[in-house]
Amino acid sequence: MGINAPKGTKDILPSQSYKWQFVEKTFKEITARYGFKEIRTPIFEYTELFKRGVGDTTDIVEKQMYSFDDYGGRNITLKPEGTAPVVRAFVENKLYADVLPFKTFYMIPCFRYEKPQAGRLREFHQFGVEIFGTMDMLADAEVIATAVDFLNELKINDLELRINSIGCPLCREAYKESLMSFLKDKYEDLCDTCKGRYFKNPMRILDCKSVECQKLVVGAPRMLDYICEECSTAFDDLKKNLDLMKIDYIVDSGIVRGLDYYTKTAFEIVSNNIGAQGTVCGGGRYDNLIEQIGGPATPGVGFGLGIERLLLLIDQNDEIAPKSPAPDVYIATMGESAKEYGITLSKELRDLDISLELDLMSRNIKSQFKYADKIQTVFTIVIGDEEIENNKLIIKNMSNFEQIVVSREDLVSKLMELLGRN
RNA sequence: GUGGGUAUAGUCAAGUGGUUAAGACACAGGGUUGUGGCUCCUGCAUUCGUGGGUUCGAUCCCCAUUACCCACCCCA
């Protein structure tokens, strides 16, 4: 019996890693367009950070964190999300005294103890952006636009942007009260999970999938009718900005974030094609978080985007996924002196940034060609005693089977020409 | 945490209460005196996730256990 990777984790194998590199590269390009610069924070933090940031009563903090005491007795937690650590770094390094708005992006692994299923892992990866220091709804729109542009750049279709305003602490409290009083005499008829939600997060009942709850919820007060003047104006601003950017959205009052720190803007980008966990990107505004972490009162907005879910979508469309890279050249050799000849040649070609492979398995010529075919090399150079003796090397084009003969002196320039380089 | 499903080679997979567990792909070698896409040949599971039980006999029936998958919950 071997040892498996821990439950809920996945190896990213050489045959897949180029896809990750592709989305990483694309994300860097898109965020650069919007002026985000990368931040790298530790993979673990003091547990207290997430208790304060994410919220003591959230599922994440209550039962999903990978926490442990280190040998010095400090309680440590593997990042369950990306925002709180960025805020911590922002406050600790006093970046609020620097140029504002503070705009940053990150690409990180996150860890949550959950039961794995399609699109949900215990170690998963997020790309995210954050903007600190502005209340302007253009920031929210730019955050959303960054995510939308990124997904468009990857040619991922069939996605829906859903936006909502969950208000500020003041109007949300008023709304919660009215919602709870609306549901009060219906409480006994709620499903079991909604009975729990009634006290913990009553807004989520609106989103319940059970038919009974759906019926009970008809005619319930809507958040958007309760948000205060300021929040309402902000939401209108957001919609106006999205319109100006020609970004389609639907207002969905069911969007509720599971992390305590969100205020006003909440949004999700969802797919219906990757199973039950269809939220590819989720984010919103958090105007009180930075203060909660101990910084000066500073508003913020950002998103997190799940890479595994993104890759599920990319894998559904062969046209999106880039091709696995293939080497330019394979050097097939026969015999010991040819092998040595090939080694010398390989050094020269690789120094010219030509990617190439040699036979590392002492295989016969036929097997070497089979291998060259499998790795989809563009050209194969054939070297045997005969070629060395006559100074006539063979360059074979693997796609059309054509062979040309060149002298050693002309090989490099000919090869560069064939590869379309100068 | 609660449900449901599946476990036979590297992969996909057929199979029956009873001698040597199909097949395909992949992989390796060869037919071709030095050349890959096709073709042909050869090799590749003393064993059916693991542990018990029923039985004269179990890959097949029963129980347990583990792993993976899916859904709820929640979220990215």
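Remember, it's a predicted structure, so these values are computed and weren't measured experimentally. Hydrogens, waters and symmetry mates play no part in the numbers below; they use all other heavy atoms, side chains included.
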What integer number of Å spans the [atom1] atoms of [N] and [M]?
N	M	atom1	answer
B:U19	B:U59	C1'	16 Å
B:C44	B:A21	C1'	15 Å
B:U42	B:U47	C1'	23 Å
B:A64	B:U6	P	15 Å
B:A67	B:U8	C1'	16 Å
B:U33	B:G23	C1'	36 Å
B:U65	B:U20	C1'	32 Å
B:A7	B:C62	P	13 Å

Note to self: Taking the side chain as everything from C-beta on, heavy atoms only, tell me whether A:F369 gets closer than 4.5 Å to A:V382.
What the structure shows: yes
Sugar-phosphate only, base, or nothing, as touched by [X] at under 4.0 Å among non-hydrogen atoms:
X	result
A:K200	nothing
A:E81	nothing
A:E387	base
A:I307	nothing
A:V280	sugar-phosphate
A:E308	nothing
A:K396	base

Item checked: For A:T333, all residues meeting side-chain hydrogen bond (donor to acceptor under 3.5 Å, both in side chains), sequence neighbours excluded -> none
Next item on the list: Mark yes or no for a side-chain to base donor-acceptor pair under 3.5 Å between A:Q403 and B:U35, with no hydrogen or angle criteria applied.
Entry: yes
Next item on the list: Tell whether A:Q376 reaches the base of B:G36 with its side chain through a donor-acceptor pair below 3.5 angstrom.
Entry: no
What is the distance, rounded to the nearest whole Å, between atom [atom1] of [X] and atom [atom2] of [N]?
X	N	atom1	atom2	answer
A:I3	B:U66	CD1	C1'	15 Å
A:D359	B:U35	CG	P	15 Å
A:D192	B:C72	CG	P	17 Å
A:L206	B:C74	CG	P	12 Å
A:Q64	B:C74	CD	P	11 Å
A:E402	B:U35	CD	C1'	15 Å
A:N4	B:U66	CG	P	14 Å
A:I383	B:G34	CD1	P	17 Å

I'd like to know if the side chain of [X] reaches the main chain of [Y], judged simply by a donor and an acceptor atom lying under 3.5 Å from each other, with no hydrogens or angles considered.
X	Y	value
A:R52	A:Q292	yes
A:D359	A:M361	yes
A:R122	A:Y113	no
A:K103	A:T31	no

Margin query: Going by salt bridge (charged side-chain N to carboxylate O under 4.0 Å, His left out), name the residues that satisfy it together with A:K51, two or more places apart in sequence or in a different chain.
Written below: none
Checklist line | Residues that A:K264 engages under salt bridge (charged side-chain N to carboxylate O under 4.0 Å, His left out), provided they are two or more places apart | finding: A:E230, A:D287
Note to self: Pairs counted only when both distances fall under 3.5 Å, Watson-Crick or G-U: show me the 5' to 3' dot-bracket for RNA chain B, [ ] for pseudoknotted crossings and | for other-strand partners.
What the structure shows: (((((((..(((.....[....))).(((((.......))))).....(((((..]....))))))))))))....
Residues 336-345 of chain A, side-chain donor-acceptor partners within the protein, below 3.5 Å, at least two apart:
unit_1, atom_1, unit_2, atom_2, d
A:S337, OG, A:D385, OD1, 3.1
A:T344, OG1, A:E340, O, 3.0

With a 3.5 Å cut-off and sequence neighbours excluded, list the donor-acceptor pairs that the side chains of residues 179-192 of chain A form with protein atoms.
unit_1, atom_1, unit_2, atom_2, d
A:S181, OG, A:E177, O, 3.4
A:S181, OG, A:S178, O, 3.0

Name the atoms and distances for all side-chain donor-acceptor pairs under 3.5 Å in residues 124-135 of chain A, with sequence neighbours left out.
unit_1, atom_1, unit_2, atom_2, d
A:H125, ND1, A:E308, OE2, 2.7
A:E130, OE1, A:Y286, OH, 2.2
A:E130, OE2, A:T83, OG1, 2.8
A:E130, OE2, A:Y106, OH, 3.1
A:T134, OG1, A:D136, N, 2.9

Item checked: side-chain hydrogen bond (donor to acceptor under 3.5 Å, both in side chains) contacts touching residues 15-24 of chain A (sequence neighbours left out) -> A:Q16-A:K19, A:K19-A:D315
Next item on the list: Using the side-chain hydrogen bond (donor to acceptor under 3.5 Å, both in side chains) rule, collect all pairs that involve residues 150-160 of chain A, keeping only residues at least two apart or in two chains.
Entry: A:E160-A:R162
Check: When the nearest nucleotide of RNA chain B is assigned to A:M334 and to A:R309 on a heavy-atom basis, which residue is associated with the more 5' position?
Finding: A:M334
Next item on the list: Report the residue (A:R197 or A:A372) whose heavy-atom-nearest nucleotide on RNA chain B is the more 5′ of the two.
Entry: A:A372
Note to self: What verdict does the ring-ring contact (aromatic ring centres under 6.0 Å, His included) test give for A:Y330 and A:Y371, after you've listed the backbone C-alpha separation in whole Å, the side-chain angles of each residue and the deciding distance to 0.1 Å?
What the structure shows: CA-CA 9 Å; A:Y330 182 83; A:Y371 177 77; 5.7 Å; yes
Checklist line | Neighbours of RNA chain B within residues 29-53 of chain A, by heavy-atom distance under 4.0 Å | finding: none
Check: Considering only heavy atoms, which members of residues 115-127 of chain A lie under 4.0 Å from some atom of RNA chain B?
Finding: A:K115, A:Q117, A:A118, A:G119, A:R120, A:L121, A:F124, A:Q126
Notebook entry, point to check: Between A:F303 and A:T146, is a side-chain contact (heavy atoms from CB on, under 4.5 Å) present by the stated rule, with each step listed?
Noted result: CA-CA 9 Å; A:F303 70 69; A:T146 303; 4.1 Å; yes
Could you go through nucleotides 27-31 of chain B and list every protein N or O atom that sits under 3.5 Å from one of its N or O atoms, giving the distance for each pair?
unit_1, atom_1, unit_2, atom_2, d
B:C27, OP1, A:K374, NZ, 3.3
B:A28, OP1, A:R363, NH1, 3.3
B:A28, OP2, A:K374, NZ, 3.0
B:G29, OP2, A:S367, OG, 3.4
B:G30, OP1, A:N364, ND2, 2.8
B:G30, OP2, A:N364, ND2, 2.3

Checklist line | Pair A:D225-A:Y175, side-chain donor/acceptor within less than 3.5 Å | finding: no
